[in-house]
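See structure below.
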Amino acid sequence: MTSVQVDKQHDANEAAGEGPEEGYQRGLGNRQIQMIAIGGAIGTGLFLGAGKAISKAGPSIILAYAIVGLVIFFIMRALGELLMYRPVSGSFSEYGREFLGPFIGFVTGWTYWLFWVVTGITEVTAAATYIHYWNQDIPQWVSSLVFTVALFGINLISVKIFGELEFWFSMVKVTAIIGMILIGLGVIILGFSDAGKTASFSHLWADGGFFPKGIGGTLMTLQIVMFAFLAVELVGVTAGEAKDPKKILPKAINTVPWRIGLFYIGALIIILSVVSWTVFEPGVSPFVRAFQEIGLPAGAGIVNFVVLTAALSSANSGMYSTGRMLRDLALNGQGPKLFTHLSKNGLPTWGTGVSVGMMLVGVWINYQWPGDAFNYVVSFATISGMWAWVVILLSQLRYRAKANRGELPQSEFKAPGAPYTSIFALAFIGMVIVLMGVDPDARISLYAAPIWAAILGVGYLSIKRRSAGGSEACAAVPASATGEQTPGTDAKD
């Protein structure tokens with residue numbers, strides 16, 4: 001929504017503990033928001049990507065996840081401070097527009113949209129490949145189409161149905177990880193199964209030490225670990241549809257430390273204790289490999305089902321967030337007006353529909369040309385996801401400075417240790433970007449960023465030129481006559 005609308009409604013909604021009304025239905029309750037937050041932190045990056053990270057760093061990957069987890073907590077608390085100041089569905093795009101300028105808001109909104117479109121393409125395609133575990137005869141494009149249409153249909157019903165589906169997707173992932181931890185503890189402590197004869201916590205330091213590939217090897221996995229946490233910020237996009245955002249969102253954000261501690265660090269400690277880190281390899285889920293070593297025949301099938309739900313959960317989240325982000329851009333005059341439309345259920349159907357259409361095109365491209373060209377496009381999702389984190393941190397620093405000067409109200413949920421924690425998180429992200437430039441596997445992401453920036457620059461200049469022309473045409477009509485103001489302008493100006 002525009003800053004004028006925010007100014008008019010901010011005070012009226014503050015007493016009710018809600019953000020400014022944007023036309024959405026507040027259908028997401030505490031139970032659903034909590035699980036969306038958990039689901040955002042647990043995805044295929046853990047279930048599949050951890051195998052590559054383990055092979056590169058050995059047991060020290062646990063330390064890498066712990067350090068990155070702390071940085072993620074700093075980012076989420078910075079986001080929480082902004083959300084309590086103004087909980088809106090545009091989230092970090094809105095904050096970037098307010099505190100860093102309209103161009104940053106424009107870049108952030110479209111970049112985050114692209115991030116989820118590309119992620120949706122890869123996740124739906126991945127889900128189709130997981131179906132081959134049970135039936136090789138089903139063509140991949142058929143499964144991709146069925147999943148995409150089904151998830152799109154769910155996103156057209158109501159936000160409550162979306163939240164309920166995410167709740168159960170997340171429940172599957174949480175149950176699987178807890179079950180893996182309990183089974184692993186049983187193997188280590190009680191010694192059952194063949195793996196019980198050799199399972200020991202000593203695997204964490206006995207096979208080449210805790211840093212078998214050296215500190216350098218651990219540093220080179222930081223970008224892999226960072227990518228595993230992409231989408232944790234999704235909880236911020238739900239602010240405009242949470243029933244009581246000023247009560248629910250802080251609870252969800254404050255659970256980040258224990259979620260990371262249990263689901264990432266706890267699970268990895270158990271897995272790397274059940275079997276030596278040397279048996280894991282890139283492209284193979286460490287969970288599947290651990291179950292194979294334990295000797296549970298149904299284990300691989302269970303993990304495959306969990307990874308399938310993780311992929312569908314990510315695609316579902318992508319459809320949800322893209323529609324909201326396009327509507328926020330349109331409300332601020334930075335996107336087609338068509339995207340401002342809401343259905344009778346308060347859903348941004350046009351924005352979601354166009355995004356799903358892009359996902360379907362991507363699935364077709366992946367089916368036709370599954371080679372390096374498509375992989376180059378996919379790699380850009382990583383750098384675009386981190387851009388959102390940078391904007392969150394910079395916006396929080398600007399907001400805190402203004403609040404301390406008395407120019408804005410203080411947030412009810414201040415980030416502890418800020419501004420120092422936010423500065424540390426920014427420096428850490430900068431270090432990871434440098435490491436991406438060193439790693440040939442991740443370097444392509446940096447090549448794609450300038451191209452996308454150039455496209456956005458041209459688009460923004462085009463919008464400004466068109467807006468300027470429209471302003472001249474309407475110069476004879478006073479703003480007071482219509483009761484409206486140009487989207488994206490500040491009422492104080």
Heavy atoms, side chains only, cut-off 4.5 Å: are Met319 and Phe162 in contact? no
Within a reach of under 6.0 Å around CZ of Phe210, are more than 12 heavy atoms found that belong to other residues, nucleotides or ligands? yes
Thr111 and Trp452 side chains, donor-acceptor separation under 3.5 Å: yes
From CA spacing to verdict: side-chain contact (heavy atoms from CB on, under 4.5 Å), Ile188, Ser200: CA-CA 6 Å; Ile188 297 168; Ser200 171; 5.7 Å; no
Residue Trp350 excluded, over 12 heavy atoms near CH2 under 6.0 Å: no
Crowding at CH2, Trp205 (>12 non-hydrogen neighbours, <6.0 Å): yes
Taking side chain as C-beta onward, heavy atoms only, is Tyr264 less than 4.5 Å from Val225? no
Cation-pi between Arg77 and Phe413: NZ/CZ under 6.0 Å from ring centre and within 45° of the ring axis? yes
Side chains of Lys173 and Ile178: does their closest heavy-atom pair fall under 4.5 Å? no
Please determine whether side-chain contact (heavy atoms from CB on, under 4.5 Å) holds for the pair Leu114 and Trp110, giving the CA-CA distance in whole Å, both sets of side-chain angles, and the decisive distance to 0.1 Å. CA-CA 6 Å; Leu114 179 65; Trp110 282 108; over 6 Å; no
Run the side-chain contact (heavy atoms from CB on, under 4.5 Å) check on Ile72 and Trp389 step by step: do they pass? CA-CA 9 Å; Ile72 295 299; Trp389 296 347; 3.6 Å; yes
Checking side-chain polar atoms at under 3.5 Å, does Ser422 have a donor or acceptor matched by the opposite partner on Gln396? yes
Could you walk me through whether Trp277 and Lys213 satisfy the side-chain contact (heavy atoms from CB on, under 4.5 Å) test, starting with their C-alpha distance in whole Å, then the side-chain angles of each, then the deciding distance to 0.1 Å, before giving a yes or no? CA-CA 12 Å; Trp277 70 272; Lys213 299 295 183 72; 3.9 Å; yes
Hydrogens and angles aside, do Asp207 and Ser276 bring a side-chain donor and acceptor to less than 3.5 Å of each other? yes
For Phe115 together with Tyr112, are the ring centres under 6.0 Å from each other? yes
Can you find a side-chain donor-acceptor pair between Trp116 and Ser355 that sits under 3.5 Å? no
